Amino acid sequence: MKQMLESKYTPLIIPIVLLWLKTYLAYKVAFDITIENSIQEFILFLNPLTFLLIVFGLALFVKEKRRNVFIIVAYLLISILLYSNVVFYRFFSDFITLPLMYQPGNFKALDESFWAEIFWHDIFYFVDVFILVFVMWKKKQYFIFQTIPSIERKVYFLMTAGLIFINLGISHLQTPDLFNRNFDREQLVKNIGPYNYTLYDLYLQTKTSAQRVFAEDNDLIEIKEYVDYNYVEPNPKYFGIAEGRNVIVVSLESTQNFVINRTVNNEEITPFLNDLIKESYYFNNFYHQTGQGKTSDSEFIVDNSLYGLGRGAVFFTHPKNEFMATPEILSNLGYTTASLHANTKVFWNRDEMYHSLGYDRFYHLDYFDVTEENAIGWGLKDIHFFEQSVRLLKELPQPFYAKLITLTNHHPFVLAEEDVFIDANVTESETLNQYLQTVRYEDEALRLFFQQLKDEGLYDNSMIVIYGDHNGIIEKDYEALSMFLEKDYTAHTVVEMQQVPLIIHIPGEEGETISTVGGQIDLKPTMLHLLGIETEGQLNFGHDLFSENHPNLAIFRDGRFVTDKYVFADNTCFEKDSGSVTGDANCATYYDIVTKELNYSDQIIYGDLIRFYNKDMYIKKE
Ligand code: GP9
Ligand code: MN
């Protein structure tokens, strides 16, 4: 044993084994990765190793004086990468991608939320770094420098290459289209490990950056054919029922659908919305489809009927692209278009992106009066935000299309004492309890907002569209939420948690609850049709939710999907209503459509293909 420990490879073996075990441990405690069989478990165990062998293998080429420093620096950097992914995962149930580096300002603003997810015991992610330094310093015999002959180095790297092939080979057998579905990051990390994933991400970054240069109009034709073919006719019963009205779109921060019609301690969480849905079109099977771009993704999807990107936020990566967004369309038809949001204008790069989306005006932080009394957490409290927004809306030439983005119901869900309207100490999760209270506050803000719209004469001639931008409850509280909902904590339940409310309120119309399965991508054609505007021939991936031929399909950015009968998640097909596992064949029919649709939408964005769009491309259905 002693001899083995003092071999010339010990300086490599010690850091590799330590990091390997740490990574595997992190898989088990920090990431929620579903393992279906022992082969997958084996890949999971194996995959950090290949990367570590390569990186620490480089130490074989480093001179004696620098070798230990190289080992420590590499060790530390990899540990930081791992820990960053762990923290990121706590928020987003996702892994870091390079395009996120475009948005440093946004991360700074996450400050308060960020610290809430850092724990003292996280120090354990770095304890091994100290152990390594200690061993190097105190047990010098394990780190004696010996030159490794070049032939041995070759064997070392050949064996590493062999291991990579074995890893990829087994992965391919398990998940054949792994790289075609590179938006499914959990599958990727599960198969190639978090470190190799970062390398692969670097490759994707290079590839997608070049895509615009090589794009040509032909690239759009196939996609256009697909979209045209899938267009569905509007339902004549609803077409144009909101013609000529103002459109007020309210994006509700982190608002999930489970709060609707639910009580805590016998009190409604959303008393106002519960009443409102009785006289509105309320969609109770509607899902957010956002990815790493969060609120900005929801804005992007809603306005463009395109998917957000699988990596990063399109608001940051492609703000100069050509788009055919709802604000631009409406602006061309004589509407005034505006976005109102009490945050700095650069947040999510809105100021730049809004130009491309066709917003005539952007009322950002500078337009709002924010004081110590009327702000909390992320900024202006919703009640004050709505109140001040109504004043701005009053000044807009009509008809207008105005989007209002709320903020108070944002993680970590803090409220001033006077804004707590319900006692919600009902779950084990402090975050979830607070969430229920901030949602209750938001509901009150909406009630007052509607009152003010009425008082200012803006209500009767408007259509008000309210939707949740994305989930607010994150991975670490999924279990508590499942319990609160009295559901088993499964991949199916997690998908159902991604439901957000969609309420379309048209004063004078009776409304109804509609159970069509849809997502944010459907809002553009749905709204335009209500306004009496044709969308045939546009490049929309979504479908009018009122149409009798709506496909009843909601595709998530990571490849999960929901139909009226099934839910596909974690590579498993579930029955939608019962949540029980069902035969893969039931979901298989959608699998290709989902992959195709997400990849097509990516191609449009990466290639900036809408710049080639022209009306003659329209191909009418036979
Ligand atoms: C910030 C707000 C919140 O302006 O949109 O962003 P989020 O963190 O939810 O994406
Ligand atoms: Mn948001």
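Counting starts at 1 for both ligands and their atoms, in listed order. Quick caveat: nothing in here was measured; it's all calculated off a predicted structure.
Judged purely by distance below 3.5 Å, without hydrogens or angles, the side chains of Ser339 and Tyr359 never pair a donor atom with an acceptor atom. A donor-acceptor contact under 3.5 angstrom links the side chains of Asp303 and Tyr401, judged on distance only. Using modelled atom types, one finds a donor on one side chain and an acceptor on the other under 3.5 Å when comparing Glu496 with Tyr287. Side-chain atoms of Asn284 and Ser515 form a donor-acceptor pair, as typed in the model, at a separation below 3.5 Å.
Comparing Ile405, Thr406, Thr295 by heavy-atom distance to atom 7 (P) of ligand 1, the nearest is Thr295. Of the listed options Lys345, His341, His411, His341 places a heavy atom closest to atom 2 (C) of ligand 1.
Relative orientation of the Phe368 and Phe385 rings is tilted, given thresholds of 30° and 60° on the angle between their planes. Taking the six-membered ring for Trp and thresholds of 30 and 60 degrees, Tyr441 and Phe421 have nearly parallel ring planes, at less than 30 degrees apart. Relative ring orientation between Phe386 and Phe449 is described as parallel, the plane-to-plane angle staying below 30° on a 0-90° scale split at 30° and 60°.
Counting the atoms of ligand 1 from 1 in the order shown, those under 4.0 Å from a heavy atom of Phe347 are 1 (C), 4 (O). Of all atoms in ligand 1, numbered sequentially from 1 with element shown, those under 4.0 Å from a heavy atom of Asn343 are 1 (C), 4 (O). Residue Glu253 has at least one heavy-atom neighbour below 4.0 Å for each of these atoms of ligand 1: 3 (C), 9 (O). Numbered from 1 in the order shown, with element, the atoms of ligand 1 that lie under 4.0 Å from a heavy atom of Trp378 read 1 (C), 3 (C), 8 (O).
By the 4.0 Å heavy-atom criterion, Asp297 is excluded from the residues contacting ligand 1. At a 4.0 Å cut-off, at least one heavy atom of His470 sits close enough to ligand 1 to count as contact.
Annotation: angle subtended at the Mn ion (ligand 2) by Glu253 OE1 and His470 NE2 is 150°, to 10°. Between OD2 of Asp469 and OG1 of Thr295, the angle at the Mn ion (ligand 2) works out to 90°, rounded to 10 degrees.
Not one N or O of Ser296 is nearer than 3.5 Å to an N or O of ligand 1, by distance alone. An N or O contact shorter than 3.5 Å is missing between Lys294 and ligand 1 by distance.
Ring-centre distance between His505 and Tyr459: below the 6.0 Å cut-off.
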